[in-house]
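Single-structure report; data block below.
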Amino acid sequence: MPISQKIRRQLITIAVLAFSIVWTLYSRVPEIGTQALQMQASPRAGFLAPEFSLGLLAGGDVTLSKLRGKPVVINVWASWCPPCRAEMPALEKAYRIYKEMGVVVIGVNTTYQDSKTDAAAFIQEFGLTFPIALDMDGTMSKNYLITGLPTTFFVDSRGVIRNVIVGGPMSEAVIQTNIEPLLKDTP
Amino acid sequence: MFPYLRLGPFLLQTPGLALLAGFWLGSSLTEKESARIGLKIEQVNGMIFSSLLAGIVGARLGYALQYFSIYAANPSSLFAINTNTLNPIAGMFIAIVFGFVYARRKQLPLRPTLDALAPGLAVFMVAFGIAHILSGDAFGEPAKNLPWSIYLWNEYRHPSQVYETLAALIIFGLTQAFRWGQPGSGINFLTMIALSSFARIFLEAFRGESLIWSGGFRAEQVISLIILAIALWMIRYWSQTQSVSMPVESM
């Protein structure tokens with residue numbers, strides 16, 4: 001290779017590396033940048049879970065922000081949905097294992113496309129003991145961009161969504177391996 | 001963003017479909033390049049598909065090892081069809097190691113094999129970018145005043161997924177048009193890696209969900225910088241050594 005071509009290649013290599021190093025240094029994120037992301041509410045991992053307040057099938061209501069400080073599993077379902085039916089035993093089992101450790105499980109029935117009667121029969125059939133909230137007008141489902149059932153959100157104690165699982169059925173291992181990190185980060 | 005496609009009772013994940021299409025197109029291009037370089041197509045295909053399988057198994061095992069006690073109590077969950085329970089780093093590592101071992105056993109020469117893989121990998125990177133567009137992942141930093149910013153996740157942002165896809169398309173075009181180095185020298189592959197790393201370093205600055213290391217450094221930029229330096233050094237080293245003839249050198 002001619003010397004001039006060799007020198008030109010070396011200069012290009014040095015220039016590329018120098019630019020890359022400078023750009024990497026320049027595009028470092030200030031501390032506030034890493035925190036700001038999690039202050040925005042959006043139904044995806046890394047963001048604050050959007051607020052909701054829903055009536056419970058058993059009476060009373062549940063407000064997400066009031067659960068701050070505890071890991072929360074939000075499972076959105078309907079009584080006519082086959083994978084929802086298939087995963088409910090695993091979800092109930094996980095609830096019974098983890099409730100003593102402070103984990104909250106909320107089953108949100110999409111009542112706007114189901115019925116209270118069918119939801120109640122579903123609860124009885126599976127012997128579910130965790131709270132069941134009713135999304136009567138679809139607002140919660142819209143805010144959470146529900147595109148398929150079931151959809152499950154794993155929310156940590158700071159209110160940040162750590163994982164979203166669309167579709168099912170979730171196995172016991174899937175549920176437990178998503179709850180464990182939430183517990184690790186709970187003070 | 002268009003993450004799901006409903007077909008009757010089925011909910012298909014479109015990013016997964018994009019990756020599948022990328023893999024199919026990539027392996028077709030690798031086949032053509034293998035024939036052009038003079039490698040045995042069936043051996044290269046065998047390496048690709050067995051590495052893919054090993055990678056998937058490795059990803060599941062890697063995930064299960066993280067939560068050993070849970071999987072020990074539920075061993076049937078190892079076979080669950082759920083893409084959320086895969087460890088991508090473990091999977092990639094196992095795939096690369098398996099591919100290397102397979103190629104060595106079949107006596108596939110290193111540098112020509114890497115050159116054969118180059119167009120397939122380049123097109124897979126395009127599919128990766130498209131998958132990000134469809135899923136809304138790898139989203140950009142907030143950018144209100146840009147005429148081309150997109151509204152995503154409650155904010156006007158850099159269309160970083162589009163940047164990524166365009167960069168991958170350009171790199172694919174360049175590696176196909178120029179085919180750096182002599183065929184089978186490995187230089188085309190290394191150049192593709194160097195270009196991809198450089199693109200990643202530049203574009204990562206516009207991402208809004210970078211993994212941040214101590215000091216505010218974006219992890220992917222640091223890793224890509226290291227890969228870029230290694231690739232540039234290897235281009236220089238391989239350019240100086242005789243490497244084209246087959247099967248002079250095998251893995």
Side-chain angles (χ1 to χ4, degrees), chain A residues 1 6 9-10 12-14 16-17 19-37 40-48 50 81-83 90 93-94 145 147-149 151-152 154 163-181, chain B residues 1 3-4 6 9-13 63-64 66-67 69-71 73-85 135-137 139 141-142 152-155 194 197-198 201-202 204-213 215-218 221-222 224-225 228-229 232-233 235-236 239-240:
Chain A
M1 187 191 299
K6 204 173 169 184
R9 276 202 182 181
Q10 282 177 350
I12 290 172
T13 301
I14 292 167
V16 164
L17 280 172
F19 173 83
S20 300
I21 291 168
V22 168
W23 184 253
T24 300
L25 287 166
Y26 174 76
S27 47
R28 279 178 301 167
V29 180
E31 197 55 44
I32 192 165
T34 57
Q35 302 294 332
L37 180 67
Q40 301 162 12
S42 200
R44 63 167 284 126
F47 286 79
L48 276 176
C81 151
K93 185 175 176 182
L145 298 178
T147 49
L149 295 176
T151 299
T152 309
F154 293 88
N163 199 9
V164 181
I165 296 177
V166 179
M170 293 186 296
S171 65
E172 287 178 26
V174 168
I175 299 170
Q176 290 177 32
T177 56
N178 276 280
I179 290 178
E180 289 287 333
Chain B
M1 201 182 77
Y4 303 102
R6 180 168 288 287
F10 301 105
L11 193 68
L12 301 173
Q13 296 195 17
Y63 187 89
Q66 282 179 267
Y67 302 100
S69 58
I70 292 171
Y71 277 89
N74 302 280
S76 60
S77 295
L78 279 170
F79 306 101
I81 301 173
N82 191 306
T83 55
N84 282 279
T85 51
S135 66
D137 290 341
F139 53 85
E141 285 262 2
L152 185 64
W153 307 123
N154 299 332
E155 187 95 52
S197 302
F198 183 72
I201 291 166
F202 182 69
E204 189 69 14
F206 303 103
R207 268 179 66 166
E209 50 140 45
S210 302
L211 172 65
I212 306 297
W213 281 349
F217 286 97
R218 296 174 193 257
Q221 278 184 321
V222 174
S224 297
L225 190 53
L228 174 64
L232 289 172
W233 176 79
I235 287 171
R236 189 162 171 244
S239 295
Q240 291 167 354

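Since we're looking at a predicted model, the values are computed, not measured. Labels below follow one simple rule: chain letters A, B, ... track the order of the sequence lines, proteins then strands, and each chain is numbered from 1. Basis for what follows: all heavy atoms, side chains included, without hydrogens, waters or symmetry-related copies.
Looking at B:S69, neither its backbone nor its side chain comes within 4.5 Å of chain A, counting heavy atoms on both sides. Looking at B:E155, the atoms closer than 4.5 Å to chain A (heavy atoms on both sides) all sit in the side chain, from C-beta outward. The part of A:E180 that comes within reach of chain B is its side chain, from C-beta onward, which places non-hydrogen atoms under 4.5 angstrom from that chain. Only the side chain of A:L145 comes within contact range of chain B, with at least one heavy atom under 4.5 Å from a heavy atom of that chain. Heavy atoms of B:F202 lying under 4.5 Å from chain A belong to its backbone as well as its side chain. Contact annotation for A:V22: neither backbone nor side-chain heavy atoms come within less than 4.5 Å of a heavy atom of chain B. In this structure, the portions of B:F217 lying under 4.5 Å from any heavy atom of chain A include both its backbone and its side chain.
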(request) Could you please spell out the steps behind the side-chain hydrogen bond (donor to acceptor under 3.5 Å, both in side chains) verdict for B:Q221 and A:S27? (result) CA-CA 9 Å; B:Q221 278 184 321; A:S27 47; 2.8 Å; yes
(message) Set out, in order, the CA-CA distance, both residues' side-chain angles and the distance that settles side chain to side chain contact (heavy atoms under 4.5 Å, CB included) for A:T177 and B:Y71, then state yes or no.
(response) CA-CA 9 Å; A:T177 56; B:Y71 277 89; 3.8 Å; yes
(request) Step by step, work out the side chain to side chain contact (heavy atoms under 4.5 Å, CB included) result for B:R236 and A:R9. (result) CA-CA 9 Å; B:R236 189 162 171 244; A:R9 276 202 182 181; over 6 Å; no
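The residue among A:N163, A:V174, A:T13 with the most heavy atom pairs within less than 4.5 Å of chain B is A:V174. The greatest number of non-hydrogen atom pairs below 4.5 Å with chain A, out of B:S210, B:S224, B:A205, is found for B:A205. Most heavy-atom pairs under 4.5 Å with chain A: of the set B:T85, B:N154, B:L78, this distinction falls to B:N154.
Contact of the A:F19 side chain with the B:I201 side chain is not registered, since no non-hydrogen atoms from C-beta on lie closer than 4.5 Å.
Shown here are the salt bridge (charged side-chain N to carboxylate O under 4.0 Å, His left out) partners of B:R218, two or more places apart in sequence or in another chain: B:E141. For A:P181, the side-chain contact (heavy atoms from CB on, under 4.5 Å) criterion is met by A:R162, B:Y67, not counting sequence neighbours.
From B:F139, atom CZ reaches atom CZ of A:F47 across 3.5 Å, with rounding to the nearest 0.5 Å. Atom CG of B:L225 is separated from atom OG1 of A:T24 by 5.0 Å, given to the nearest 0.5 angstrom. Atoms CZ and CD, on A:R44 and B:E209 in that order, are 6.0 Å from each other to the nearest 0.5 Å.
What you find for B:Q13 and A:V166 is that their closest heavy atoms are NE2-O, 4.3 Å. Nearest heavy-atom pair across B:L228 and A:S20 is CD2-OG, 3.4 Å.
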